[in-house]
Amino acid sequence: MSEAERSLNFIEHIIEDDLKNGYSKDVLRFRFPPEPNGYLHIGHASSICLNFGLGLRYGAPVNLRFDDTNPAKEEQEFVDAIKKDVKWLGFKWDTERYASDYFQQLYDWALLLIKNEKAYVDSQSSDEMASQKGTPTEPGKESPYRNRTVEENLELFIAMKEGKFEEGKHVLRAKVDMTSSNMLMRDPIIYRVLHKAHHRTNTDWCIFPMYDWTHGESDYIEQVSHSLCTLEFGMHRELYDWFLDQVVDQNKLRPKQREFARRNLSHTVVSKRKLARLVEEGVVKSWDDPRMPTISGLRRRGYSPESIRNFADTIGIAKRDNLIDVSLLEFQVRDHLNKVAPRVMGVLDPLKVVITNYPEGEEEWLDAENNPGDENAGSRKVPLSREIYIEKEDFREEANKKFFRMKLGKEVRLKNGYILMAESCTKDAEGNVIEVQCTYDPKSKSGSGTEESLRKVKGTLHWVSIKHALEAEIRLYDRLFTDESPDTHKDKDFMEFVNPDSLETIKGYLEPSMKNLEIGAQVQFQRLGYFCVDPDSTAEKLVFNKTVGLRDSWAKIEQKA
Ligand code: ATP
Ligand code: MG
């Protein structure tokens, strides 16, 4: 096996086999088929990367198809958000399609089914129908309406379409097999009456086709060669094929449904319905809350499209469902931002340091490299003055040899600046250090090349000049759920595992170069992590989101626990 072949996933193997067995490359066509009932999430990213990835690999078109057959749950807002997210991820669809564009064709085919005695109008209540469904081991019972005449069925179905009946009075069912071992084949409903306005067809239709009936026929209309869906549709494949059998023209391509495993991410839920509850019940502020595993939430959190694509490519696709640890996603964003994010200084838990031998009222602007790993990233100036902030945790009065930060009587370097010596500190009534007094060595400026500047000092601290510091609101995030897989507990609702401390808002102090960053701009606060400018940020009030720390701190906590 060649290297290229070895890297194929099982779906690509299926396609390669089809190509060997007579499919021409020109007939390959894929689709990504979201229902516009919510925002896309990280699980969808896997499906998007799979389908669009196949399109790129085989030079085949990929449609974006909205599976919009349930007016009760679907909205234009979701259509717009889905398009934005797919584009942002970096993919281009061939054509934008809607299942609702096929309502007429689906209706015409339903008439054909009735004429061929493959469908009938059932006038029982949903409870009655459920009681006849049988069990996996017992066959179902036939409806008393199963043998209505073609004429009667046509008349009733047309009347359904014309709005003559209220919801639930009649449904159209496919006449398949009430004894099938596959319960889905026991005369599934294919149309129901819904007197609700649809976001695209408005009130043109009051009967709506069901998912199974719609999906395969839409694939056929679009001539999709491989219709890829998640494993829970495995049992639906038989029905998918049965529906195609009723309409397929032998001269046209017959779509194939194949299944792959759903991707679940630890410490969150990936289901639009469940994510909708988080929004509706106010656990998060919106679909794009940076704690959400939605594409829009990740974007607002500071994730780049590259990091999400790399994540999807790394986990690949599988034949069995499994849980992917969120730290893998975080690794990808950290890896990407490490390459691209400019370095800046910000202090989030400030301790005042006074440089006693620094002339009062003076300041200087020091050279600071934007990204030591990237020659083209350039440099900026950061101001130093007599009073600065450092992080509280970077100072101790006394500490052992392993503490390479600021301690009394020892030297430490200011990033891009001078070497300081901590001389004394001031405490409040409770004994907390509230100020440190230092002296600096004026000859030790970093990069100046002097003997003093080359002196070996173990610790380097980030800092900001108090006089020049910009105040900013900093939003720190933790896992949204305390449990690794909150929605897999039999007797507990996933909402019971919501982490009450998933958001902490603090005040931070930033170097002045951060004043004019654009919304979404990503930076590394040196020694602290990656942050980005939140859309709530204004010139008067800066707001930053923490994307991810420099290291995986959660893993450490879990190890200790
Ligand atoms: P949800 O329960 O989140 O609404 P869904 O499957 O109903 O999920 P759709 O909009 O119907 O959402 O999904 C569009 C496509 O994305 C489908 O092909 C679906 O199988 C796929 N998909 C959805 N969730 C995942 C996931 N977690 N992992 C991989 N693919 C997914
Ligand atoms: Mg779905």
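In listed order, ligands and their atoms are each counted from 1. Just so you know, these numbers use all the heavy atoms, side chains as well, and skip hydrogens, waters and symmetry mates.
Near Pro33, with a cut-off below 4.0 Å to any heavy atom, the atoms of ligand 1 are 14 (C), 18 (O). The ligand atoms of ligand 1 that sit less than 4.0 angstrom from a heavy atom of Thr230 are 19 (C), 20 (O), 29 (C), 30 (N), 31 (C).
Ion pairing between a basic and an acidic side chain is recognised when a charged N comes within 4.0 Å of a carboxylate O; Lys256 and Asp219 show no such pairing.
Aromatic ring pairs are classed by plane angle as parallel below 30°, tilted from 30° to 60° and perpendicular above 60°; the pair Tyr220 and Trp109 is tilted. Below 30°, between 30° and 60°, or above 60°: for Phe66 and Tyr98 the angle between ring planes is below 30°, a parallel geometry.
The closest heavy-atom contact to atom 2 (O) of ligand 1, among the options Cys49, Ala312, Ser271, Pro293, comes from Ser271. The closest heavy-atom contact to atom 1 (P) of ligand 1, among the options Arg273, Lys272, Arg263, His44, comes from Lys272. In this comparison of Glu35, Arg262, Lys73, His215, the heavy atom closest to atom 8 (O) of ligand 1 sits on Arg262.
Here the side chain of Glu167 pairs a donor or acceptor atom with the backbone of His195 at under 3.5 angstrom. With Glu128 contributing its side chain and Ser125 its backbone, the two residues share a donor-acceptor pair below 3.5 Å.
In terms of polar-atom proximity, Gly43 is counted as a contact of ligand 1, with an N or O under 3.5 Å from an N or O of the ligand.
Checked against a 6.0 Å centroid threshold, the rings of Phe208 and Phe103 count as neighbours.
Heavy atoms of Gly38 stay at 4.0 angstrom or farther from ligand 1. In this structure, His41 is part of the shell of residues with a heavy atom less than 4.0 angstrom from ligand 1.
If you look at Phe233 next to ligand 1, there are no close heavy atoms at all, none under 4.0 Å.
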